[in-house]
Amino acid sequence: MIAHYILQPELRHGMDYLADIYLNYRTIHIEELIGGKGKNQLNMRSVDLDKIIEYAAEDADITFQLKQILEKEIKENKLENLFYEIEMPLMQVLAAMEKTGVLIDHVALKQSSEILTADMNAIEKEVYQLAGFEFNVTSPKQVGEVLFDRLKVVDKGKKTKTGQYSTNEEVLEGLRGKHPIVDKILDYRGLKKLLSTYIDALPALINKKTGKVHTSFNQTVAATGRLSSTNPNLQNIPIRDEQGREIRKAFTAESNCVFLSADYSQIELRIMAHLSGDTHMIEAFLSGQDIHAATAAKIFHLPIEEVTGDMRRKAKTANFGIIYGISVFGLSERLGIPRGEAKELIDGYFATYPKVKEYMDNSILTARQNGWVETLFGRKRFLADINSHNSVVRGYAERNAINAPLQGTAADIIKIAMVNIYRRMIKENVQSTMVLQVHDELNFNVHNSEIDAMKRLVTEEMENAIQLRVPLKVDVGVGVNWLEAH
DNA sequence: AACCTCACG
DNA sequence: ACGTACGTGAGGTTC
């Protein structure tokens, strides 16, 4: 699966699919043994042994045949380093993290649940009061009909592409002040999300034997080379809002241990500096300046001390936009400024960092010529739509051409760091364990006797995973829980 | 299963 | 006129 993921990151990687594509062979599907999914599905132990023999032998046979083909292709495409030195060793690191698990304070979550459920129910009643009738507040369809057809909060509601009223946060924010019910619906949604996705869901996933939560890291899902996390997803635990932060507090260290969190500072922008070779951006990072303030100073032609908060905010949004393949529309939407002003900001940005502009143009050109772009370590992303005659479709591919090498190189780098950290932890025989990866951040359960050593080890390996034209900076912290460690 | 919404980097 | 910043996973509703 991983070999095929490296070769064709956008496609599927299951054995049935690969057998069809590479061997022109249709495998026995599991449903043929145990039936389709549903309550009548059999357990494997009740299947006829003769059938199981056939099925299991085929599994081994096909896997071996695929190995012969895929290892040759890895070699032909010069992907041996990425495959043998990064992805394959990483597999063990991920397995160890999954097995270790992370400790969750379910008592704290239970207390939060009781308080917030009461709050949510009270808000629900207020919503009914304000509407004058009851309806399902968790149904976007009903919320839309209530706001736009019955209460007529505004004349015309924005519609989704299927013709339903759009009621997402952005739309509701725009309706604040038009009717008191809008605030209440937003409050209700916020609480509902926290309760159903995290507070009430996580305790149910605590393993009875270990007392911890064990996520699955998927190594073959994200087209850019990132990992993903499921059952539960521990890569989207709240942090931005005050209420959400409470949930992070429930991720704790084990006894006699602390939670250690280490994250790369501005890694994708540093990779942009490296790949583009832009002297001014490189200089800003080398001098250790606040990159957003430094960017603002250059765009607005001011000394850095005279940069206002608003200028920095604009430059920060522009910096993020650059990573995503900036558009005038996107920047104006996010900053809430006219398109003309967004265009001027982007022009100023490119004048400030001319090689960044060149890099972006080059990425698109490379994609057009080759049909793919790649990371610093040769991880490819194919962009079939790059020459599409549909400008919307093509625009999407173009932004991918810019973003994929940046996001993907960052993914490569943290994977290298993880492998190196894991090896050193074994070699130095530590009691501490790696527990979570969140794209640019690594988290550890660190024994009290190893705090200084682990801080050093982790920072060293993350910052020195690879030598770029700019330094890689890591912020590290410890605390009794994930929130405090950040 | 599709859709909408929203949590994270 | 359309539809636009990148990558994910999960819960809930609706069909």
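Within every chain, numbering begins at 1; the chains are lettered A, B, ... in the order of the sequence lines, protein sequences first and strands thereafter. A quick note: this is a predicted structure, and the numbers were derived from the prediction, not measured.
- Which of C:dG11, C:dT8, C:dA5 sits closest to the side chain of A:Ala222 comes down to C:dT8.
- In this structure A:Glu460 satisfies the salt bridge (charged side-chain N to carboxylate O under 4.0 Å, His left out) test together with A:Arg424, sequence neighbours excluded.
- Rounded to whole Å, the separation between the P atoms of C:dA5 and B:dC4 comes to 16 Å.
- The phosphate of B:dT5 has neither OP1 nor OP2 within less than 4.0 Å of any side-chain N or O from A:Tyr188.
- The side chain of A:Arg381 places an N or O atom within less than 4.0 Å of a non-bridging phosphate oxygen (OP1 or OP2) of C:dG7.
- OP1 and OP2 of C:dA5 both lie 4.0 Å or more from every side-chain N or O belonging to A:Ser327.
- Each of B:dC6, C:dA5, B:dA7 was ranked by its minimum atom distance to the side chain of A:Leu331; first place goes to C:dA5.
- Ion pair A:Glu374/A:Arg379 not flagged as a salt bridge, since none of the NZ, NE, NH1 or NH2 atoms sits closer than 4.0 Å to an Asp/Glu carboxylate oxygen.
- Just one residue in the list A:His214, A:Met434, A:Lys212 forms a side-chain contact (heavy atoms from CB on, under 4.5 Å) with A:Thr100, and that residue is A:Lys212.
- The side chain of A:Asn168 lies closest to B:dC6 when the candidates are C:dG11, C:dT8, B:dC6.
- Residues A:Asp290 and A:Arg312 are paired through a salt bridge, judged by an N-O separation under 4.0 Å between the basic side chain and the carboxylate.
- The shortest distance between the side-chain N/O atoms of A:Ser166 and the OP1/OP2 oxygens of B:dC4 is not below 4.0 Å.
- No side-chain heavy atom of A:Glu268 sits less than 4.5 Å from a side-chain heavy atom of A:Phe320.
- Taking side-chain N and O atoms only, A:Arg399 has no distance below 4.0 Å to OP1 or OP2 of C:dA5.
- Closest to the A:Asn236 side chain, of the nucleotides B:dC6, C:dA10, B:dC8, is B:dC8.
- In the interface, the side chain of A:Gln407 is paired with the base of C:dC6 through a donor and an acceptor atom under 3.5 Å apart.
- With hydrogens and angles disregarded, no donor-acceptor distance shorter than 3.5 Å links the side chain of A:Arg399 to the backbone of A:Tyr324.
- Note on A:Thr197: every side-chain N or O is 4.0 Å or more away from OP1 and OP2 of C:dA10.
- Between A:Asn218 and A:Ser228, the side chains place no donor N or O within less than 3.5 Å of an acceptor N or O (distance only, hydrogens not considered).
- Taking a cutoff of 4.0 Å between a charged side-chain nitrogen and a carboxylate oxygen, A:Glu344 and A:Arg339 do not qualify as a salt bridge.
- Taking every side-chain heavy atom of A:Asn400 into account, C:dG7 is the closest of B:dG9, C:dT4, C:dG7.
- Of the candidate nucleotides C:dG11, C:dA5, B:dA7, B:dA7 has the atom lying nearest to any side-chain atom of A:Tyr198.
- Both A:Val392 and A:Asn403 sit near DNA chain C, but only A:Val392 has its closest nucleotide nearer the 5' end.
- Comparing B:dT5 with C:dT4, their P atoms are spaced 14 Å from each other, to the whole Å.
- Of the candidates B:dC4, B:dG9, C:dG9, C:dG9 carries the atom nearest the A:Lys193 side chain, counting heavy atoms from C-beta on.
- The local environment of CD in A:Glu170 is sparse, with at most 12 non-hydrogen atoms from other residues, nucleotides or ligands closer than 6.0 Å.
- Scanning atom types as modelled, no donor and acceptor separated by under 3.5 angstrom connect the side chain of A:Arg240 and the base of B:dA7.
- In DNA chain C, runs of at least 3 consecutive Watson-Crick or G-U pairs, each pair with both distances below 3.5 Å, span B:1-9 with C:6-14.
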Pull out every protein N or O sitting under 3.5 Å from an N or O of nucleotides 13-15 of chain C, one pair per line with the distance.
residue	atom	partner	partner atom	Å
C:dT13	OP1	A:Asn136	ND2	3.0
C:dT13	OP1	A:Thr138	OG1	2.9
C:dT13	O3'	A:Ser139	OG	3.1
C:dT14	OP1	A:Ser139	OG	2.6
C:dT14	OP1	A:Gln142	NE2	3.2

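- The phosphate of B:dG9 (OP1 or OP2) has no side-chain N or O of A:Arg226 nearer than 4.0 angstrom.
- Contact annotation: A:Thr167 side-chain N/O to B:dT5 OP1/OP2 distance is under 4.0 Å.
- Inspection of the A:Asn400 and A:Glu398 side chains reveals no N or O donor paired with an N or O acceptor under 3.5 Å.
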